[in-house]
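Every chain is numbered from 1 and lettered A, B, ... according to where its sequence line falls, protein lines coming before strand lines.
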Amino acid sequence: MEIVMPDVQLLALAPEIILIIVAFLMLLFSPLLGGENTKSGPKVGGIVSLIALTAAFVINLLIGQNGQSEIITFGGMIAKDSFSLYFNALVIIAAAFSIIISFDYIDKFGIKEGEYYLLILFSTVGMMLMGSSTDLLSIFISLEIMSIPIYVLVGFSRNNLRAREASFKYFILGAVSTGIFVYGAALVYGSAGSTNLAAIADALLAKPLYNDPIFMLGSAFLISGFLFKISAVPFHMWTPDVYEGANLPITAFMSVGVKAAALSAFIRFIVYDLAITGDSWVLALSLVAVATMVLGNSAALAQSNLKRLFAYSSIAHVGYIIIALIAATESAIASVLFYLLIYIVTNLGIFAFLIYFSKKENECESIDQLAGLGYSHPIMAVCMGIFLFSLAGIPPTGGFMGKLFLFIAAVESGYVTLVVIAVIASGVSVYYYLKVMMSLFEKGKKTEENIKNPYAALVVFIAAIITIYLGVMPGFFIELAKRCALSLF
Amino acid sequence: MIEMIIFYPTAAIVILFSLMVVLHKSPIRSALFLLGTLFFMAFIFALLSAHFVAVIQILVYAGGIIVLILFAIMLLNLQKEDSEYDHISLGKVISLGLGGFLFLIISIVFFKMYPGHSSELPANFGTIEEVGRLMVTDYVFAFEAISLLIIASLVGGVVLVRGLINSKSKLKKLK
């Protein structure tokens with residue numbers, strides 16, 4: 001028998017492979033460094049994984065500079081184009097910042113296991129593979145590589161009952177959603193005869209499969225699986241509970257990394273396949289977008305727990321993004337990429353801020369705990385103000401620019417009603433973002449405290465600077481997003 | 001024709017057993033029903049000419065995984081908690097309704113609207129040779145990525161269980 005290997009270009013996967021090798025080395029050597037009695041164990045692991053992430057980031061940039069527009073390898077399962085490189089860069093940034101804000105946090109909360117950083121690395125690899133996947137099979141596997149470490153990380157605090165409950169809930173619901181995704185993939189395979197996204201597109205062009213009920217059902221299941229991961233209504237139930245139960249750095253990582261990765265695969269599926277099936281799925285996604293924006297924003301109004309508040313706020317932001325996904329034009333996808341960059345930076349900044357004010361074994365998660373902090377820590381409060389303004393979409397922050405381009409792209413494609421609803425919804429969102437702001441500058445509650453957490457403070461400053469920079473001079477990154485979106489079409 | 005005679009009883013048994021996995025109160029019996037489900041799933045694989053997968057299904061799932069699950073249940077030494085399952089809540093009724101609706105849609109699609117495909121299988125379909133060849137050629141990425149997935153879940157499982165044991169021993173020290 002003759003064995004013909006497909007074209008395998010390992011160099012294209014170099015960033016992922018570096019992270020995998022470092023993770024395996026950490027797995028081997030962490031018992032020597034970590035453990036109950038050593039103090040430096042987890043920290044060494046954190047620094048090593050930061051170095052690995054930096055290396056992966058640099059190589060990712062080098063692959064992008066290479067000039068080769070697209071590398072398709074592993075028999076069409078993996079594609080390294082500008083789009084996947086952009087998403088890889090995003091999740092590497094998310095992972096690196098989550099690791100930096102973990103440094104002080106895990107000392108305060110008595111987490112000694114070195115596996116903490118290891119699982120973040122594994123999950124990052126899954127996210128990166130997801131952005132590069134062009135086959136339903138590889139999307140499914142990387143989805144699992146991403147999710148399983150996250151399930152464990154959510155329940156990482158061993159004595160925290162809330163964390164265990166959140167982890168279990170997320171695991172059960174995640175398993176069901178993955179099951180639905182696989183069922184959908186099987187149905188699409190049965191209808192189109194291939195799991196490769198490009199081959200499915202060919203099959204769709206060859207004969208009008210969108211009248212095929214099997215394809216409709218399969219793609220509906222696939223969409224449900226993606227919507228669960230990006231926590232869109234009606235698949236959002238887990239989000240507030242899981243975000244509340246998880247440790248703050250993990251909440252930060254989840255709220256940006258998982259969403260970005262799931263969106264990257266979702267965008268690819270929409271642009272490659274769904275966009276050529278006419279508008280059979282537009283109505284469904286429009287309803288999802290409206291429900292997500294309305295429910296996310298109105299539920300956030302009532303929250304006094306900050307983690308839950310930002311969970312609902314992240315649901316609302318997914319709603320805005322889905323509008324652009326419905327448009328699915330080049331400029332709409334570019335605006336999503338730009339929006340995600342701002343969303344990631346801003347959210348990481350917010351969670352770093354919350355970590356900065358967390359005390360030993362006591363997370364800063366109630367809105368009352370912020371009272372008066374604006375007077376004792378004015379610089380941090382101003383940074384937080386920038387983040388909140390950015391999420392609310394007020395100039396001159398990045399969030400304004402992001403929303404502007406998103407809505408322009410949607411209006412260009414003729415989805416005016418959706419944009420009007422989105423603008424009203426984001427107007428409502430100003431109320432609860434300002435509520436947090438008001439609490440920061442509440443009079444008469446001046447608290448003098450000495451807080452030392454340089455890592456979280458660093459992340460807050462960097463995030464604030466980037467947020468302002470993106471709001472004032474977005475040119476370079478918009479061009480970048482446009483170029484990366486172009487590689488999909 | 002003979003395929004139909006084998007398929008319908010097998011499918012009925014698989015559905016019945018998997019319902020029992022969810023509905024039965026005793027975890028050990030649920031695990032045994034799961035064994036039955038997986039065993040009869042192997043028949044369906046065999047009907048689809050995937051003989052190698054059918055054998056692996058019996059060896060690995062029915063033989064290996066179920067034994068592990070049984071060991072885990074016995075080691076955990078679960079107590080009976082009947083009361084939790086007795087009441088019928090509104091949520092359960094709604095989910096049953098929605099689930100039934102989804103089932104209805106799927107069955108309409110399959111029985112009424114789906115014309116069905118059939119094509120000639122290649123001669124070596126489902127043989128060990130062919131499965132092995134596909135695994136290291138077309139599906140080499142999936143093969144390698146799944147090994148990473150297994151390591152990741154192994155580490156995750158160890159982390160979770162170690163936390164459990166540590167907190168239990170701490171409780172004992174306190175006592």
Check whether Phe140(A) gets within reach of chain B through its side chain, its backbone, both or neither, counting any heavy atom under 4.5 Å. neither

What part of Leu153(A) is in contact with chain B, defined as an atom under 4.5 angstrom from a non-hydrogen atom: side chain, backbone, both or neither? neither

Please look at Leu119(A) and chain B and tell me whether the side chain, the backbone, both or neither of the residue comes under 4.5 angstrom of a heavy atom of that chain. side chain

I'd like to know whether the aromatic ring centres of Phe40(B) and Phe43(B) sit less than 6.0 Å apart in this structure. yes

Could you tell me if Asn196(A) and Thr134(A) have a donor-acceptor pair between their side chains, going purely by distance under 3.5 Å? no

If you count heavy-atom pairs under 4.5 Å between each of Phe74(A), Phe156(A), Tyr151(A) and chain B, which one has the most? Phe74(A)

Which region of Leu154(B), side chain (C-beta onward) or backbone (N, CA, C, O), has a non-hydrogen atom less than 4.5 Å from a non-hydrogen atom of chain A, or is it both or neither? neither

Segment of Ile150(B) engaging chain A (4.5 angstrom heavy-atom cut-off): neither

Is it the case that over 12 heavy atoms from other parts of the model lie below 6.0 angstrom from the CZ atom of Phe24(A)? yes

If you measure from the Lys or Arg side-chain nitrogens to the Asp or Glu carboxylate oxygens, is any gap between Arg133(B) and Glu130(B) under 4.0 Å? yes

Do Ser142(A) side-chain atoms and Ser138(A) backbone N/O form a donor-acceptor pair below 3.5 Å? yes

For side-chain contact (heavy atoms from CB on, under 4.5 Å), just list the numbers for Phe228(A) and Ile180(A), CA-CA rounded to whole Å, side-chain angles, deciding distance to a tenth of an Å, and then say yes or no. CA-CA 10 Å; Phe228(A) 175 86; Ile180(A) 290 174; over 6 Å; no

At a 4.5 Å cut-off on heavy atoms, which part of Tyr116(A) comes close to chain B: side chain, backbone, both, or neither? neither

